[in-house]
Asks: 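Take this structure first; my questions come after.
Labels below follow one simple rule: chain letters A, B, ... track the order of the sequence lines, proteins then strands, and each chain is numbered from 1.
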Protein chains: 2
Amino acid sequence: MGSRVQKPKGSYPAHRERQRRRILDAAEKLFDGRGIDGTTMAEITSASGVQPSTMYQYFSSKDEIVWAILGELMQEKRGIATEAMKDAPHSLARITVLLEMMADDLERNPEKVRFMAQFDAIYARDWPVERLLSLESQIHPEPFRFFSELIRDGIADGSLRPDLDPDLTMHAVMNAVIGAQRRLASLGSKVETEYGNPVDQLLRESIRVLLLGMQNSGTPAEAGTRISKTRKRSL
Amino acid sequence: MGSRVQKPKGSYPAHRERQRRRILDAAEKLFDGRGIDGTTMAEITSASGVQPSTMYQYFSSKDEIVWAILGELMQEKRGIATEAMKDAPHSLARITVLLEMMADDLERNPEKVRFMAQFDAIYARDWPVERLLSLESQIHPEPFRFFSELIRDGIADGSLRPDLDPDLTMHAVMNAVIGAQRRLASLGSKVETEYGNPVDQLLRESIRVLLLGMQNSGTPAEAGTRISKTRKRSL
DNA sequence: TCAAATTCGAAATAGTATTTCGAATTTGTA
DNA sequence: TACAAATTCGAAATACTATTTCGAATTTGA
């Protein structure tokens, strides 16, 4: 107990931040290459150049590392998404841009997408909802909630079919695109050899069909209304 | 070295089959409840009532068990699929039936779908392509290859838009539906609390939009009728 | 320069999958 | 029913995991 003031736990924030980065960067690279499950803590420590005992000072478990990386990824995506949509003139164009960005993402960063796929399949279910939601809320408010407004706009200006339930459609379409995207990333080159097309092209076709399905086509106003009645009753 | 004939390895096939079943049934139940990764070999042995040493006589690893269960699941699905499509009169109706069956499946056996999702995310990439393909071929020949023919038919009879590439579209649509289905199964009840709809309903909406996107809207009146006909029949 | 913060080393714990092997039991059949 | 081969049991051993512990050594910022 010296006469000096005792410094609180995180006293060297700059240094701690640097260390944290070293660990996360090493882990991310390993996850990309070997998958979350295929990566051991020993590999992360040796790749990042810190001892296990030190690493556990920063992350209390492997899961915490996964979580941290996921958070950063989602924040990135969100930035890119809101950025890209700025240029698009009207609602349908914005929706198109948003969805096609997911195909670009698959084309450019298949490992990252695969990481998210692994998260969904292995971790999402066991982790507390609140934590998931707090993460999702980093990406939601803009692109997602926004997306259902875009659908509303599209219906109003006649570019989208009038029988769409904006909220339901938004979730359904987003989920289909995200699901397709992540599945393609998981199966990777296996799909290419079997399907004979680059994975991102497959995803682009899915998106095209989905967009066509949302669009208002000629006079199907009648058909549309009819459908929506039937639908609502059956659901 | 008796004078009797030495019996080959699998000499009590009925007994072996019974044992195999005990193990697979126990494992399947555990996988459903705790996930593939959350299930330990120790749990499987104690649940199935055989010793580890015995179990490894039947399956050389946990992966082999996963693999065996996957194979049985796919065979089941295939049977159900071909069965259900028999009733459908024309191509568009068959496609509709096939896709909606995947929503039913999600509604009825979410654990099984989740199992497949985990397989995709964790195992698919690391296992040899040949093995994957030999499995897929159990489900492919009928529903899948068939599916692209259905699209061809649909284009010919005017019910589907003429600018579709049958093979590409088939893979794109199937992948979107499967991807959406498995993602929903992975996220489970989390989606419901957040989205406010039962998961299978979300999937049904994705399917509806995809089907609309494939349909021909060139001749409005016909398109309208065709749509509503299909709808009514499919419900 | 110095006290506190941080890291290192190295060993310990506990939980995995998988293997080994001789003794005990079960199986189908002669 | 008896028997030889097939199968199972038990129990311990191996080799990985993640995670913890703690005292000694080093680094940090004022």
Asks: Atom CE of B/M55 to atom P of C/dT19: distance rounded to whole Å?
Replies: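 For the pair B/M55 CE and C/dT19 P, the rounded distance is 11 Å.
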Asks: Is the shortest heavy-atom distance from the side chain of B/D105 to the side chain of B/K112 under 4.5 Å?
Replies: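 B/D105 does not reach B/K112 side chain to side chain.
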Asks: Taking NZ, NE, NH1 and NH2 as the nitrogens, is one of them in A/E111 or A/K29 under 4.0 Å from a carboxylate oxygen of the other?
Replies: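 No.
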Asks: What integer distance in Å separates B/K62:NZ from C/dT18:C1'?
Replies: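 Rounded to whole Å, this separation is 13 Å.
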Asks: Is there a donor and acceptor pair, one atom on the side chain of B/Y56 and one on the base of C/dT19, closer than 3.5 Å?
Replies: no
Asks: Any side-chain donor-acceptor pair under 3.5 Å between B/R16 and B/Q19?
Replies: no
Asks: Toward the 5' end of DNA chain C, which comes first, A/P13 or B/S61, by nearest nucleotide?
Replies: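 Mapping each residue to its closest nucleotide by heavy atoms, the 5'-most match is A/P13.
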Asks: I'd like to know if the side chain of B/T45 pairs up with that of B/Q51 as donor and acceptor (distance under 3.5 Å, no hydrogens or angles considered).
Replies: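 Judged by distance alone, the side chains do not pair up.
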Asks: When you measure from every atom of DNA chain D, which of residues 25-35 of chain B have a heavy atom less than 4.0 Å away?
Replies: none
Asks: Quickly work out the B/R20 CZ to D/dT7 P distance and round it to whole Å.
Replies: 14 Å
Asks: For B/R108, look at atom CZ and say whether over 12 heavy atoms of other residues, nucleotides or ligands are found less than 6.0 Å away.
Replies: no
Asks: Check whether any side-chain heavy atom of B/F119 sits under 4.5 Å from a side-chain heavy atom of B/W67, and report yes or no.
Replies: yes
Asks: Do you see a donor-acceptor pair shorter than 3.5 Å between the side chains of A/Q75 and A/R78?
Replies: no
Asks: Please check the phosphate of D/dT8 (OP1 and OP2 only) for any side-chain N or O of B/Q19 closer than 4.0 Å.
Replies: yes
Asks: NE2 of B/H15 versus C1' of D/dC9: gap in Å, rounded?
Replies: 12 Å
Asks: Between B/Y58 (OH) and C/dT18 (C1'), how many Å, whole number?
Replies: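 Atom OH in B/Y58 sits about 18 Å away from atom C1' in C/dT18.
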Asks: I'd like to check A/N175 versus B/L202 (side-chain heavy atoms, cut-off strictly below 4.5 Å). Are they in contact?
Replies: no
Asks: Return the value, rounded to whole Å, for the distance between atom CD of B/E64 and atom C1' of C/dT18.
Replies: 13 Å
Asks: Rounded to the Å, how far apart are A/I23 CD1 and C/dT7 P?
Replies: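 Whole-Å distance recorded here is 8 Å.
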Asks: Under a 4.0 Å heavy-atom cut-off, which of residues 40-54 of chain A touch DNA chain D?
Replies: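 The answer is A/T40, A/M41, A/A42, A/S53.
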Asks: Is a salt bridge present between A/D37 and A/K62, judged by a nitrogen-to-oxygen distance below 4.0 Å?
Replies: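 Judged by the 4.0 Å cut-off on N to carboxylate O distance, A/D37 and A/K62 do not form a salt bridge.
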Asks: Report the distance from atom CZ of B/R18 to atom P of D/dT8, rounded to the nearest whole Å.
Replies: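 Those two atoms, CZ and P, are 10 Å apart.
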Asks: Any strand counts, and the cut-off is 3.5 Å on both contacts for Watson-Crick or G-U wobble. Which nucleotide pairs with C/dG9?
Replies: D/dC22
